[in-house]
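Reading through the structure tokens given below for one structure.
For ligands, and for the atoms within them, numbers begin at 1 and follow the listed sequence. Quick note: residue numbers are just sequence positions, from 1.
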Amino acid sequence: MYQPVISGTGVFTPSEVITNDELVVAFNAYADRMNAENAQAIAAGEMTAMEHSSSDFIFKASGIEQRYVLEKEGILDSTRMYPRFRQRSDDEPGLMTEIALKACATALEQAGRTGTDVDLVICAASNMERAYPAVAIEIQQGLGAGGFGFDMNVACSSATFGIQAAADMVRAGSVRCAIVVNPEITSGHLEWRDRDCHFIFGDVATATVIERAEDAKGDHFVIRSTRCATQFSNNIRNNNGFLRRNRPDGMADRRDMQFMQNGRKVFKEVVPMVSAHILNHLEQEGVAPEQLRRMWLHQANKAMNDFIGKKVLGREPTRDEQPNILQDYANTSSAGSIIAFSKHSADMQPGDIGLICSFGAGYSVGSVVVERA
Ligand code: CO8
């Protein structure tokens, strides 16, 4: 058995930013246009008029101030409301691979490794741009890595589930150096025309290098243990999939082809599930909550994180104990807790213990207890 460690992380941040104000202007222009187009039906009571969105609501309800996206113009075009991506030929790297490789380059550099050292690539994300061949295998080729690669999707929990899979394989000796990469192009499957959720997500890619402690070249975090749990719920759902064209209205612009959620229910049900999960994991690991130096939580909603932190620590966590990045990135699905870890872990001292935790659709929750070596 080998001790798995995290020896490098990387974040690729797209260059384009959409502020809440910009997003709301585009949404409201779309709503006005739809209301004008459907004026008769609305007047006849056959349709409900669309209401305006508000920056104030977005910030108060979520804590989000802006989001990075790969393509801004298409999203803010009120006659379109989703990004414009160039059609790539099958011989070119896909968009997920392109951004994944950028995050991998930073993570590998931090670990003092090159792509050829890697013998496992897990592409763990909340949606894949194609069914097969696996995006991970394309990333493996781009890295010049050996071994094997595979895709996995556990929505927002994909990164921690991927870390558990990689850490278990490193521990068992079946792989030596793994990279878990989370290219999240959420702008492609967010419904930007839905007032209830149009503000929630942003694009990013993160990568985490996991290898044997004895091989680690620089600063690293020992993976003390991991815990994953799932419990079926329809409250976050996307019905797009390969059976689509076989359905009677298969190719229609149906709402359920994009991200859908009952946000209120998610909030209420996931907060206790995650708090209990973290407390159980810490207890099984023999770590008292007050021994935790830092928690890097999934970045969906600031109030949600405040509740979870308070439940775990028994008091309000400080910003240093529980850093958020969602004000800048919004919810980046599986990448959120890894962005927080990557940007807020350099100051951890040897012996400091921290916890990475992600949660979301499924429902799913994954946690990783790490200790700075
Ligand atoms: N502007 C102004 N007012 C608004 C807006 C808006 N944009 N949206 C809603 N309102 C109004 C509503 O109409 C409602 O008005 P009224 O009280 O008159 O009926 C009022 O505001 C309150 O609405 P809500 O109850 O919906 O608002 P909440 O306070 O619950 O906040 C949130 C909404 C922010 C969505 C909150 O519920 C939340 O964050 N919940 C948790 C969500 C979450 O964590 N989801 C996880 C999803 S991520 C995941 O698992 C990965 C999925 C895969 C990735 C997909 C990528 C696209």
- Query: What residue pairs, at least two apart or across chains, pass salt bridge (charged side-chain N to carboxylate O under 4.0 Å, His left out) with a residue in residues 168-186?
  - Reply: D168-R171, R176-D215
- For R247, does its backbone N or O pair with a side-chain atom of R244 as donor and acceptor, under 3.5 Å? no
- Message: Using ring centroids (six-membered ring only for Trp), state whether F27 and H198 fall under 6.0 Å.
- Response: yes
- Is the centre of the Y363 ring less than 6.0 Å from the centre of the F232 ring? no
- Can you pull the salt bridge (charged side-chain N to carboxylate O under 4.0 Å, His left out) pairs that have at least one residue in residues 199-211, sequence neighbours excluded? R113-E211
- Task: Quick one: list whatever passes side chain to side chain contact (heavy atoms under 4.5 Å, CB included) with T48, sequence neighbours left out.
- Result: none
Quick check on ligand 1: any N or O pairs to the protein under 3.5 Å? One line per pair.
residue, atom, partner, partner atom, Å
ligand 1, 1 (N), S54, N, 3.2
ligand 1, 3 (N), R195, NH2, 3.0
ligand 1, 7 (N), S53, OG, 2.9
ligand 1, 7 (N), R195, O, 2.9
ligand 1, 8 (N), R195, O, 3.4
ligand 1, 13 (O), R195, NH1, 3.0
ligand 1, 25 (O), R264, NE, 3.4
ligand 1, 25 (O), R264, NH2, 3.3
ligand 1, 29 (O), R264, NH2, 2.9
ligand 1, 30 (O), R264, NE, 2.9
ligand 1, 37 (O), G263, O, 3.2
ligand 1, 39 (O), N301, ND2, 2.7
ligand 1, 40 (N), G263, O, 3.1
ligand 1, 45 (N), Q261, OE1, 2.8
ligand 1, 50 (O), A361, N, 2.7

